[in-house]
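Everything quoted here is computed from the prediction, not taken from an experiment.
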Amino acid sequence: MTEAPRVPDGPSRVLLVNGNYQDGTVGGTQSFTERLARQLHADGRTVGVLCLGESDAVERHEGVTVFRLRPPRLPGPAGSAPVRTLNQLLAMQNPWVARRVAAVLARFRPQLCHVQMLRTLTPSALRVLTARPGLAVVQTTHELFSLWDFDPFLPDLPHKIYSRPPRAIAPITQRHKRISAGVDHVCAPSAFALNAYTSRGYFAGVPATVLPNSAPHEWGPPRELAARRLAAPPARPRFLFVARLDHYKGVEVLLDALARVPELDIAVDIAGEGVKADLVRERAALDQRITYHGPVRGQGRLALFRRADVMVCPSTWTETYCLAAAEAFAAAMPVIGTSVGALPETVRHGRTGLVVEPGDPAGLAEAIRRLADPANRIPLITPSAEQAHANAPSEFLARQLAVYREALRPRGLSLVSAPPR
């Protein structure tokens, strides 16, 4: 006798919305969306993804239907603030965007849409989604770009220009706030990320859940990994940096910190790509402890995590969550983080790692010195693994599905509480 197919609890047809999907780019929000799509598909749900592309197209990736939209753009110099503002207005108001999103909804017929980030099209997509009768909408605030705080990406321009929204885009932000109040549930990977929006008037009256992202246990069960690390501590500890080599990730702070502790017998692996890549190459040529791997994916990335002993996340800007830290915990590895954004929520100082001030090479050097000593590093291994175990992918999916079920109900009946920390 064959088993009857399992009927999914909650929405059977889910449309995820994100700027990128299966296009070769690397980013935390994209990784989150790809993993969630695979989890939902494996859980027996019909999954679609609405994302941006160079042309309008419909594709299939691992059982997921992908709808790509080419965003409307005005010609102009890349990075030009006036052109960027005009493109934002165009994406918000252009009726073509509304028609294309509506066409995707008509074709896919989702019961629920989960919006991550569609870059300039996020408000426009939300405007269509929240106006569609019978469609539940959940949004996760992975990023702060919608708040127009671009300072870390443009460090050579005057800070006052990018530390707050320019007056020219005030109508955009006000309209986005009104649209955001129409979603059925808002999630955030950290209390910091949620408060960044709600304190500015976004998602007024919307039920909210802090739902920390989960990292896959690609190296095996975290508790077993912790036992192996405890049984065979290395003679020469390895420190790992895996992130974009851009200003806000703090790789130059790490390099300056290493220059302050030349006597330490450690190894340092740096992986990633970005504007600081040449600087990393130069320092690696002068310091034999440093190995620069360039961008790494797949088995190469897994191998770096497997042999590392400490993850370093020296961000100098407000992370809404640090996926690299969650991945480190999944590999039973403590983390050195900074006291910006959500990192202090993710890295528990003295328990799963150490937290230092951002942009402080001396403080980071001292943290590296401390965790190079096994007497200080070993006590952090088991708590790091336990944190990953408590937030396993299966647990994350169960919490996300609970939010979906809540969003399908009439708003205001009840709330989904954040998982205990």
Side-chain angles (χ1 to χ4, degrees), residues 26 28 31 214-245 249-251 253-255 257-258 261 264-273 280 283-284 287-315 319 322-338 343 346-348 351-356 364-389:
V26 178
S31 298
S214 176
H217 296 174
E218 298 176 280
W219 301 271
R223 287 173 170 172
E224 293 181 12
L225 293 170
R228 290 203 292 269
R229 287 188 183 277
L230 292 172
R236 188 186 191 214
R238 302 191 74 91
F239 290 75
L240 176 62
F241 175 99
V242 178
R244 288 284 307 173
L245 301 183
K249 289 296 186 179
V251 68
V253 183
L254 171 59
L255 296 172
L258 292 172
V261 285
L264 282 185
D265 184 21
I266 60 175
V268 181
D269 294 303
I270 297 178
E273 58 187 336
V280 174
R283 296 293 184 89
D287 189 339
Q288 294 184 351
R289 300 174 300 174
I290 302 172
T291 302
Y292 175 48
H293 299 268
V296 292
R297 298 176 179 85
Q299 291 301 313
R301 195 171 192 274
L302 292 177
L304 286 179
F305 274 79
R306 190 174 291 115
R307 68 179 185 173
D309 300 292
V310 178
M311 172 68 74
V312 185
C313 302
S315 298
E319 300 266 10
C322 184
L323 185 58
E327 291 175 323
F329 296 148
M333 190 189 336
V335 176
I336 299 175
T338 54
L343 270 169
T346 307
V347 182
R348 302 176 190 179
R351 181 164 176 79
T352 61
L354 299 177
V355 176
V356 301
L364 181 56
E366 179 56 29
I368 292 172
R369 185 192 303 276
R370 284 182 61 187
L371 294 196
D373 183 345
N376 297 321
R377 184 178 70 253
I378 287 175
L380 308 180
I381 292 174
T382 297
S384 298
E386 287 300 321
Q387 184 161 324
H389 177 79

Distance-only criterion, 3.5 Å: show the donor-acceptor pairs between side-chain atoms of residues 225-234 and protein atoms not counting sequence neighbours.
from: Arg229; atom 1: NE; to: Ala331; atom 2: O; distance (Å): 3.0
from: Arg229; atom 1: NE; to: Ala332; atom 2: O; distance (Å): 3.0
from: Arg229; atom 1: NH1; to: Ala308; atom 2: O; distance (Å): 2.7
from: Arg229; atom 1: NH2; to: Ala308; atom 2: O; distance (Å): 3.0
from: Arg229; atom 1: NH2; to: Ala331; atom 2: O; distance (Å): 3.1

For Pro216 versus Ala330, what's the shortest heavy-atom pair and its separation? O-CB, 3.9 Å
Quick check against the 3.5 Å criterion: does Asn376 have a side-chain atom that pairs as donor or acceptor with the backbone of Arg370? yes
Do the side chains of Phe329 and Thr346 get nearer than 4.5 Å, heavy atoms only? yes
Looking at Arg351 and Glu386, is there a salt bridge between them, counting it only when a charged N and a carboxylate O are closer than 4.0 Å? no
To the nearest 0.5 Å, how far apart are CG in Leu354 and CZ in Arg377? 11.5 Å
Decide side-chain contact (heavy atoms from CB on, under 4.5 Å) for Val251 and Ile270; before the verdict, give the C-alpha distance in whole Å, the side-chain angles of both, and the deciding distance to 0.1 Å. CA-CA 9 Å; Val251 68; Ile270 297 178; 4.3 Å; yes
Show the nearest heavy-atom pair for residues Ser31 and Leu323, with the distance to one decimal. CB-CD2, 4.1 Å
Residues Leu380 and Gly353: closest non-hydrogen pair is CD1-CA, 3.9 Å
Show your working on salt bridge (Lys or Arg N to Asp or Glu O under 4.0 Å) between Glu319 and Lys249 and close with a plain yes or no. CA-CA 9 Å; Glu319 300 266 10; Lys249 289 296 186 179; 2.7 Å; yes
Report the C-alpha separation of Thr352 and Val335 in whole Å, then their side-chain angles, then the decisive distance to 0.1 Å, and conclude whether the side-chain contact (heavy atoms from CB on, under 4.5 Å) test is met. CA-CA 7 Å; Thr352 61; Val335 176; over 6 Å; no
Between Ile290 and Leu258, does a side-chain contact (heavy atoms from CB on, under 4.5 Å) hold up when you go through it step by step? CA-CA 9 Å; Ile290 302 172; Leu258 292 172; 3.8 Å; yes
Salt bridge Arg297-Glu273, side-chain N to carboxylate O under 4.0 Å: yes
Apply side-chain contact (heavy atoms from CB on, under 4.5 Å) to the pair Phe241 and Val280, showing each step before the final yes or no. CA-CA 11 Å; Phe241 175 99; Val280 174; over 6 Å; no
So SG of Cys322 and CE of Met311: to nearest 0.5 Å the spacing works out to 7.5 Å
Value rounded to 0.5 Å, distance of CG in Leu371 from CD1 in Ile336: 4.5 Å
To the nearest 0.5 Å, what is the distance between CG (Asp309) and CZ (Arg307)? 10.5 Å
What pair of heavy atoms forms the shortest contact from Pro222 to Ala385, and how long is it? O-CB, 3.4 Å
Is any side-chain heavy atom of Ile368 closer than 4.5 Å to a side-chain heavy atom of Ile266? yes
Under a 4.5 Å cut-off applied to non-hydrogen side-chain atoms, are Leu343 and Ser315 in contact? yes
Quick check: do Trp219 and Glu327 have side-chain heavy atoms less than 4.5 Å from each other? yes
What one should report as the nearest heavy-atom pair of Leu264 and Arg289 is O-NH1, 3.2 Å
Once you round to the nearest 0.5 Å, how far does CG of Leu364 lie from CZ of Arg369? 12.0 Å
Identify the heavy atoms of Val242 and Arg301 that sit nearest to each other, and give their distance. CG1-NH2, 3.6 Å
What distance separates Leu254 CG from Phe239 CZ, expressed to the nearest 0.5 Å? 10.0 Å
Heavy atoms of other groups near Arg238 CZ, more than 12 under 6.0 Å: yes
Any side-chain to backbone donor/acceptor pair from Tyr292 onto Gly272? Under 3.5 Å, distance only. yes
Does the side chain of Arg348 reach to within under 4.5 Å of the side chain of Gln387, using non-hydrogen atoms? yes
